[in-house]
Amino acid sequence: MGGYTYPKAVVFDLDYTVWPCWCDTHITPPLRSTSKNRVTDAYKFNLALYEDVSSIITELVQNDVIIIGASRTATPRIAQELLSLLHIGDKPAIKYFDSLQWGQGSKIKHITKAAKQLQLEDDLKDGQFILFDDEMRNRDVESIRCHFAYVPDEERGLTRQIFEEELTKWTNSRRKQ
Ligand SMILES: [Mg+2]
């Protein structure tokens, strides 16, 4: 059986999952939009979301999936500004996120907090969360029943192929239960 279904919530790491930089080391304010989906910094470092990210987030929103951001960045304000300047369709990317969680330490903390804030604790317990992330250490979220979807290639970030493969894996694991 092919195809995939959608979980209740998808959590996105930011650096090297949705955009190709560490915003606490590579980006120097002030930031400026050069178009709806491109930003440039003080040193003319240009940044956009990875190519497939917009269509993935749009698809999730159209299917009533809750969108959460979880980042360990030391500079949440830069990340927030990037999400405000970069657009998906006609809206700033930040508007697509139901919750944004920041801070150092395990993403278990970020995800638990978001679930609480959005009253999705039962959905988390039921395995209805997926985290896309480029750092293998964040796989520890599996201990709270969040499916870990690894984003291995920093050149390409989160691609549609990875997205579809991971949703299919998640869907199949639910069918087996
Ligand atoms: Mg990352």
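Both counts, for ligands and for their atoms, begin at 1 and track the order of listing. Bear in mind the structure is a predicted one, so any value in this text is a computation, not a measurement.
Taking backbone and side-chain atoms together, E135 has no N/O/S atom less than 2.8 Å away from the Mg ion (ligand 1).
The name of the N, O or S atom in D15 nearest to the Mg ion (ligand 1) is O. Nearest to the Mg ion (ligand 1), among the N, O or S atoms that D13 has, is OD2. Note on D134: its N/O/S atom closest to the Mg ion (ligand 1) is OD1.
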Go through the steps to decide whether L47 and L82 satisfy the test side-chain contact (heavy atoms from CB on, under 4.5 Å), and finish with yes or no. CA-CA 9 Å; L47 188 72; L82 287 173; 3.7 Å; yes
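Cation-pi contact between K91 and Y96: present, with separation from the ring centre below 6.0 Å and deviation from the ring axis of at most 45°.
When atom types are taken as modelled, the side chain of D153 and the backbone of G157 share no donor-acceptor pair closer than 3.5 angstrom.
D134 pairs with exactly one of T17, L14, V18 by the side chain to side chain contact (heavy atoms under 4.5 Å, CB included) rule, that one being T17.
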